[in-house]
Amino acid sequence: MRHLSTTQLIRLRSLLDEAETSLRQRMRTDDFADDEQSDRLGIQQVMSDQELHELLDITEARSRLTDNSYGLCVDCGAEIEVERLLAYPTAKRCLACQQQHERGRTRLNA
């Protein structure tokens with residue numbers, strides 16, 4: 001986390017807070033959605049799973065902030081670029097490792 005300034009850390013914490021607030025509002029709205037509006041129960045379940053995954057990502061990012069590992073790639077230990085973190089505050093991998101991770105998932109799904 002040494003590569004992140006205090007100002008950047010404050011901004012990143014704020015982005016995580018905003019993402020969580022927005023997500024929790026979306027989850028509450030989904031809870032009250034009429035069944036006819038959602039067309040299928042399966043779509044609601046997928047959204048719920050996605051929302052829970054996003055909430056877990058936010059929680060994990062906050063844990064990394066607490067233990068000073070935020071901004072370090074979980075795979076290679078390299079510093080994640082500030083621009084990437086600002087665009088995607090829950091990023092846990094540098095761009096190179098994320099691309100490799102996604103290629104591996106693509107092969108598994110093929």
Side-chain angles (χ1 to χ4, degrees):
M1 240 176 26
R2 288 184 218 144
H3 70 292
L4 299 171
S5 70
T6 302
T7 303
Q8 290 168 330
L9 286 171
I10 290 169
R11 177 67 181 134
L12 289 161
R13 281 188 181 99
S14 175
L15 289 172
L16 289 169
D17 291 344
E18 290 170 15
E20 182 177 8
T21 299
S22 174
L23 178 61
R24 289 187 183 279
Q25 287 175 346
R26 209 168 64 225
M27 291 170 80
R28 277 195 297 272
T29 302
D30 290 349
D31 287 344
F32 296 109
D34 186 76
D35 286 336
E36 292 178 9
Q37 291 176 338
S38 61
D39 286 349
R40 298 181 190 166
L41 185 59
I43 292 173
Q44 282 182 327
Q45 183 62 41
V46 168
M47 286 303 295
S48 295
D49 289 347
Q50 180 182 352
E51 290 163 345
L52 289 174
H53 182 73
E54 288 176 38
L55 193 55
L56 180 60
D57 284 346
I58 292 167
T59 301
E60 289 173 350
R62 286 202 174 110
S63 292
R64 291 191 304 276
L65 278 164
T66 301
D67 70 15
N68 294 321
S69 64
Y70 184 81
L72 300 176
C73 178
V74 296
D75 290 346
C76 72
E79 294 178 349
I80 300 171
E81 292 186 17
V82 175
E83 293 79 10
R84 176 167 170 71
L85 292 169
L86 289 169
Y88 183 52
T90 58
K92 56 186 163 190
R93 291 182 180 86
C94 65
L95 187 55
C97 287
Q98 183 63 37
Q99 290 171 336
Q100 184 176 0
H101 176 75
E102 289 175 5
R103 281 193 297 268
R105 285 190 6 205
T106 301
R107 280 187 228 128
L108 291 175
N109 293 332

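Values reported hereafter were calculated over all heavy atoms of this structure, with side chains retained and with hydrogens, waters and symmetry mates removed. The first residue in the sequence is number 1, and the count goes up from there.
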Between His3 (side chain) and Val82 (backbone), is there a donor-acceptor pair under 3.5 Å? no
Out of curiosity, does Leu15 fall in the hydrophobic cluster containing Leu4 (side-chain heavy atoms, cut-off under 4.5 Å, transitive links)? yes
When you compare the side chain of Ile10 with that of Thr6, does any pair of heavy atoms fall below 4.5 Å? yes
Distance col, row Leu52:CG vs Asp57:CG, nearest 0.5 angstrom, shows 11.0 Å
More than 12 heavy atoms of other residues, nucleotides or ligands under 6.0 Å from CD of Glu60: yes or no? yes
Of all heavy-atom pairs linking Cys94 and Cys73, the shortest is N-SG, 3.4 Å
Looking at Arg64 and Thr90, would you say the former's side chain and the latter's main chain have a donor-acceptor pair under 3.5 Å? yes
Could you tell me the separation between the CG atom of Leu9 and the OG atom of Ser14, rounded to the nearest 0.5 Å? 12.5 Å
What distance separates Arg103 CZ from His101 NE2, expressed to the nearest 0.5 Å? 12.0 Å
Closest approach of Ile58 to Leu16 (non-hydrogen atoms, all atoms of both residues): CG2-O, 4.1 Å
Out of curiosity, Leu85 CG to Glu79 CD, how far, rounded to the nearest 0.5 Å? 10.0 Å
Once side-chain hydrogen bond (donor to acceptor under 3.5 Å, both in side chains) is applied, do any residues pair with Gln8, and if so which ones, sequence neighbours excluded? Ser5
Could you tell me whether the side chain of Ser22 and the main chain of Glu18 form a donor-acceptor pair under 3.5 Å? no
Could you give the distance from CZ (Arg84) to CD (Gln98), rounded to the nearest 0.5 Å? 5.5 Å
Decide whether Ile80 and Leu65 are clustered together by the hydrophobic rule: side chain heavy atoms of Ile, Leu, Val, Met, Phe, Trp, Tyr closer than 4.5 Å, transitively. yes
Passes side chain to side chain contact (heavy atoms under 4.5 Å, CB included), Glu81 versus Leu95? Steps please. CA-CA 8 Å; Glu81 292 186 17; Leu95 187 55; over 6 Å; no
Apply side chain to side chain contact (heavy atoms under 4.5 Å, CB included) to the pair Asp17 and Arg62, showing each step before the final yes or no. CA-CA 10 Å; Asp17 291 344; Arg62 286 202 174 110; 2.5 Å; yes
Value for CZ (Arg24) from CD (Glu51), rounded to nearest 0.5 Å, stands at 11.0 Å
Decide whether Gln25 and Thr21 meet the rule of one side-chain donor and one side-chain acceptor closer than 3.5 Å. no
